[in-house]
Number of protein chains: 2
Amino acid sequence: MIKSNITISDIAERAGVSKATVSRVLNTPDIVEKHTREKVIQIMKELHYSPSQAARNLSMKSSSTIGVIVPEISNTFFGELFSGVEDITNKNNLSLLYSSNDNDQESDYKALDMMKMQRVKGLLYIPAVNYAGLGILDKLQRKLDRLDCPVVCMDRDIGLQCDVVHFDDQSAVRKAVMALVDAGHRKIAIIIGEKESILSIQRFQGYLDGLEQANITFDEDFVYQGTYTRLSGYQVTKQMIAQKKQPTAVITCNNLLSKGYIQAVCEHTNGNMTLYTHIGLDEIDMMNFLGIPYNCIQRDAYELGRSAAELLMRRIERPDGVYQHMILSSPLVHQTF
Amino acid sequence: MIKSNITISDIAERAGVSKATVSRVLNTPDIVEKHTREKVIQIMKELHYSPSQAARNLSMKSSSTIGVIVPEISNTFFGELFSGVEDITNKNNLSLLYSSNDNDQESDYKALDMMKMQRVKGLLYIPAVNYAGLGILDKLQRKLDRLDCPVVCMDRDIGLQCDVVHFDDQSAVRKAVMALVDAGHRKIAIIIGEKESILSIQRFQGYLDGLEQANITFDEDFVYQGTYTRLSGYQVTKQMIAQKKQPTAVITCNNLLSKGYIQAVCEHTNGNMTLYTHIGLDEIDMMNFLGIPYNCIQRDAYELGRSAAELLMRRIERPDGVYQHMILSSPLVHQTF
DNA sequence: CTGAAAGCGCTTACAG
DNA sequence: CTGAAAGCGCTTACAG
């Protein structure tokens with residue numbers, strides 16, 4: 001560590017100019033005389049000067065930081081998303097302030113408070129829970145409004161007044177059901193996570209839509225509900241396997257549930273995945289490469305992050321104008337059945 | 001968006017006290033009289049006051065942000081690592097400023113410059129490349145020193161003067177070779193990434209150590225070198241498969257290479273992974289659950305992140321003292337052969 | 001093209 | 001226990 005608190009004053013002094021001039025070569029180099037400019041730049045380099053963003057932000061009442069709040073970074077889906085975000089913010093020379101909310105409302109509030117204290121220039125946000133369902137959507141909305149910066153809500157459309165980017169899960173699940181029906185299935189089970197989650201609600205609705213379209217009577221025995229974790233997917237699938245009334249096809253509603261499902265099935269069949277015909281939401285890494293046919297609704301998390309970040313950039317440019325509602329398609333990819 | 005630039009002055013005015021007092025209820029509440037304190041707090045709540053970190057940092061010449069630089073967040077290894085980091089920084093009420101360097105030296109410099117401008121309180125750092133190998137380690141070291149904050153180097157020990165946390169890859173690979181030898185193998189191939197990478201150097205040395213210990217003559221035909229990407233792992237493995245001289249066992253030197261390897265082997269054998277006996281570095285998600293026996297050197301990325309973050313916290317507390325060199329063990333996990 | 005000065009929103013000795 | 005004032009490191013009208 002080197003104590004190196006070089007400030008604009010040091011540069012000004014050495015260059016024999018005012019602080020204002022130094023500031024100008026930093027911000028509006030064109031308006032300072034060439035010779036002066038070069039001298040100042042030279043000295044900055046010599047002294048390894050690095051302007052303080054904090055001071056700059058304070059003075060300009062602005063910020064160079066974008067906040068990102070996602071449920072949990074260790075889920076590859078959010079890692080990919082993050083990667084898409086970064087590609088855009090990098091281009092715009094913006095820093096990324098990160099926080100995860102662990103799908104927990106309290107953590108979510110904490111994260112939002114932090115973002116506010118940091119005065120982020122914009123926020124990319126995945127709500128922790130379904131605030132609409134909890135009846136506290138208004139409270140969240142006010143919290144976001146008070147952030148006093150553009151917000152783009154990603155992945156979960158809980159009814160927020162802001163730009164929103166998400167996948168059309170409802171129709172994707174509907175199509176998945178239709179594809180199974182076309183292949184002759186009538187007994188189609190679905191495994192969903194938390195009932196209250198907007199994700200579950202939409203995906204389940206897609207399931208109902210599909211059944212209706214195919215004239216299949218809804219049978220609640222084929223609805224398995226857990227939480228959006230691998231462990232839960234495993235347990236629920238075990239339960240399902242033990243039932244007398246068996247489905248012939250299964251839809252699992254996120255990548256973690258799918259993983260748990262696969263684990264349970266493989267354990268039961270000794271690695272043979274054909275116990276049920278299966279369609280998962282989200283790709284699962286490696287499945288394609290192992291020569292195991294894997295059917296899924298493909299959601300491009302990288303693209304989600306990229307689109308949301310681009311939308312945020314535009315919104316920062318032009319804060320006014322009607323909110324965008326962007327829906328990304330998620331194709332059904334099935335090699336077999 | 002609500003324009004809500006409530007400042008400490010607003011609070012002071014409404015509460016009929018000075019700014020200093022308001023600041024004190026924020027920072028040292030105990031020394032302000034109970035009644036005053038409560039009144040101020042009350043007004044802060046009413047007005048949804050949120051202090052500006054930028055102003056605070058500037059005034060205190062400090063920071064509440066930890067920087068994290070990793071190669072690429074989309075690799076699950078780094079996602080897990082990040083998750084370990086966050087658990088610690090959350091506890092300490094520190095924000096996380098994130099940047100990836102994409103294993104590219106220029107991006108790495110850019111990231112470091114950004115961290116400096118942001119005046120991070122500490123940095124968790126994975127060097128983009130092997131600076132030692134490039135002969136510019138000194139330059140990097142000075143860059144880090146000028147950051148004027150504690151730095152913990154993670155995952156890659158390139159010889160930096162700072163705290164370091166990494167796995168003992170060399171001895172892990174040596175043990176992997178020994179395990180293969182014990183199972184009767186003599187023709188053991190290794191697939192490594194970029195030659196110059198410190199990762200490759202150490203892992204390759206472990207390979208040599210193992211061969212020597214087993215009295216096996218080194219045969220360079222069994223060394224396959226690519227880059228640390230899935231595609232490269234795939235291509236190199238294809239090449240290997242096409243060779244007349246065949247190994248009986250293969251070691252792949254990171255998770256991406258392992259994935260590419262698996263892809264190539266499965267493609268060639270139609271899903272039968274027993275073409276070679278294989279040990280990969282790092283776990284691969286799902287393998288265990290698919291009932292596919294997968295042998296690997298297990299490196300706990302979450303633990304790496306957690307340890308590094310804890311070390312950083314301690315170093316921030318006590319900046320002086322000799323640098324720590326922490327080596328995490330990475331057990332060899334093999335169910336078969 | 002350049003400088004003096006005020007201001008951004010805080011904190012903290014200092015004096016009371 | 002509290003306030004007035006200086007200072008953190010910048011930027012930017014304003015005047016020249």
Side-chain angles (χ1 to χ4, degrees), chain A residues 3-41 43-44 47-65 114 116-121 146 148-149, chain B residues 3-41 43-44 47-65 95 116-121 146 148-149:
Chain A
K3 288 284 159 215
S4 68
N5 8 34
I6 309 294
T7 73
I8 211 171
S9 303
D10 298 317
I11 307 295
E13 194 178 336
R14 302 238 190 170
V17 298
S18 71
K19 291 189 300 174
T21 298
V22 177
S23 175
R24 284 190 194 101
V25 347
L26 245 27
N27 298 294
T28 50
D30 313 329
I31 73 166
V32 10
E33 202 242 349
K34 191 179 172 208
H35 180 252
T36 321
R37 190 200 322 143
E38 283 171 354
K39 181 164 186 189
V40 170
I41 290 178
I43 295 183
M44 283 179 173
L47 269 50
H48 300 287
Y49 172 67
S50 164
S52 155
Q53 268 301 343
R56 203 170 217 175
N57 290 167
L58 187 59
S59 180
M60 300 177 77
K61 289 165 146 298
S62 76
S63 158
S64 57
T65 308
M114 188 270 276
K116 181 164 191 202
M117 289 184 64
Q118 297 281 0
R119 303 289 192 266
V120 290
K121 194 190 194 72
R146 268 185 248 111
D148 193 18
C149 74
Chain B
K3 290 282 160 217
S4 69
N5 8 33
I6 308 293
T7 72
I8 210 170
S9 302
D10 299 316
I11 307 296
E13 194 178 336
R14 302 240 190 169
V17 297
S18 71
K19 292 192 300 175
T21 298
V22 178
S23 175
R24 283 189 194 103
V25 345
L26 245 26
N27 298 294
T28 48
D30 313 330
I31 72 166
V32 10
E33 202 242 349
K34 193 181 171 207
H35 179 252
T36 322
R37 190 203 318 145
E38 283 171 353
K39 179 163 187 187
V40 170
I41 290 178
I43 295 183
M44 284 180 170
L47 270 51
H48 300 287
Y49 172 68
S50 164
S52 155
Q53 268 301 343
R56 201 170 219 174
N57 291 165
L58 186 60
S59 180
M60 299 177 76
K61 290 165 145 297
S62 75
S63 157
S64 58
T65 308
S95 304
K116 181 164 191 200
M117 289 184 66
Q118 297 280 1
R119 304 290 192 269
V120 290
K121 193 189 194 72
R146 269 187 248 108
D148 193 19
C149 74

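A, B, ... follow the sequence lines: proteins, then strands. Residue 1 opens every chain.
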Rounded to whole Å, CD1 of A:I31 lies from C1' of C:dT2 at a distance of 9 Å
From CD of B:E13 across to P of D:dG3 the rounded distance in Å is 14 Å
For a 4.5 angstrom cut-off between non-hydrogen side-chain atoms, does B:K121 reach B:C149? no
A:R56 atom CZ is separated from D:dC8 atom C1', nearest whole Å, by 16 Å
Practice problem: Check whether any side-chain heavy atom of A:M44 sits under 4.5 Å from a side-chain heavy atom of A:V22, and report yes or no. | Solution: yes
> A:R24 and A:I31: side-chain contact (heavy atoms from CB on, under 4.5 Å), yes or no, with the steps?
Replying inline: CA-CA 8 Å; A:R24 284 190 194 101; A:I31 73 166; 3.5 Å; yes
Taking it one step at a time, do A:I43 and A:Y49 satisfy side-chain contact (heavy atoms from CB on, under 4.5 Å)?
CA-CA 8 Å; A:I43 295 183; A:Y49 172 67; over 6 Å; no
Any strand, both distances under 3.5 Å, Watson-Crick or G-U wobble: D:dA4 pairs with none
Quiz item: Can you tell me if B:N27 and B:R56 form a side-chain donor-acceptor pair at under 3.5 Å?
Solution: yes
Rounded to whole Å, the NZ-P distance (B:K39 to D:dT2) equals 12 Å
Q | side-chain N/O A:Y49 vs D:dG9 OP1/OP2, d < 4.0 Å | A | no
note: A:L58, atom CG; D:dG7, atom C1'; distance rounded to Å ~ 12 Å
Value for CD1 (B:I8) from OG (B:S18), rounded to nearest 0.5 Å, stands at 9.0 Å
note: B:Q53, atom CD; C:dC10, atom P; distance rounded to Å ~ 10 Å
Could you go over nucleotides 12-16 of chain C and give all protein N or O partners under 3.5 Å, atom names and distances?
| residue | atom | partner | partner atom | Å |
| --- | --- | --- | --- | --- |
| C:dA13 | N6 | B:R24 | NH2 | 3.1 |

Can a side-chain donor-acceptor contact be found between A:T65 and A:Q118 if the only test is distance below 3.5 angstrom? no
Item to complete: For B:T36, answer base if it contacts any base atom (sugar-phosphate contacts may also be present), sugar-phosphate if it contacts only those atoms, and nothing otherwise; contact means non-hydrogen atoms under 4.0 Å.
Response: sugar-phosphate
Re C:dA13: Watson-Crick or G-U wobble partner, both distances kept under 3.5 Å, found to be none
| request: Determine the contact category for A:V22: base if any of its heavy atoms lies under 4.0 Å from a base atom, sugar-phosphate if only primed atoms, P, OP1 or OP2 are that close, otherwise nothing. | output: nothing
Give me the distance, rounded to whole Å, that separates D:dG16 from D:dT12 when you measure between the C1' atoms they each carry.
16 Å
A:M117 CE to C:dG9 P, in whole Å, measures 15 Å
Sorted by position of nearest nucleotide on DNA chain D, 5' first, the leading residue of B:V32 and A:S50 is B:V32
Taken to the nearest whole Å, CD/A:E33 to P/C:dG3 is 11 Å
Per nearest nucleotide of DNA chain D, the residue lying toward the 5' end, B:K61 or B:R37, is B:R37
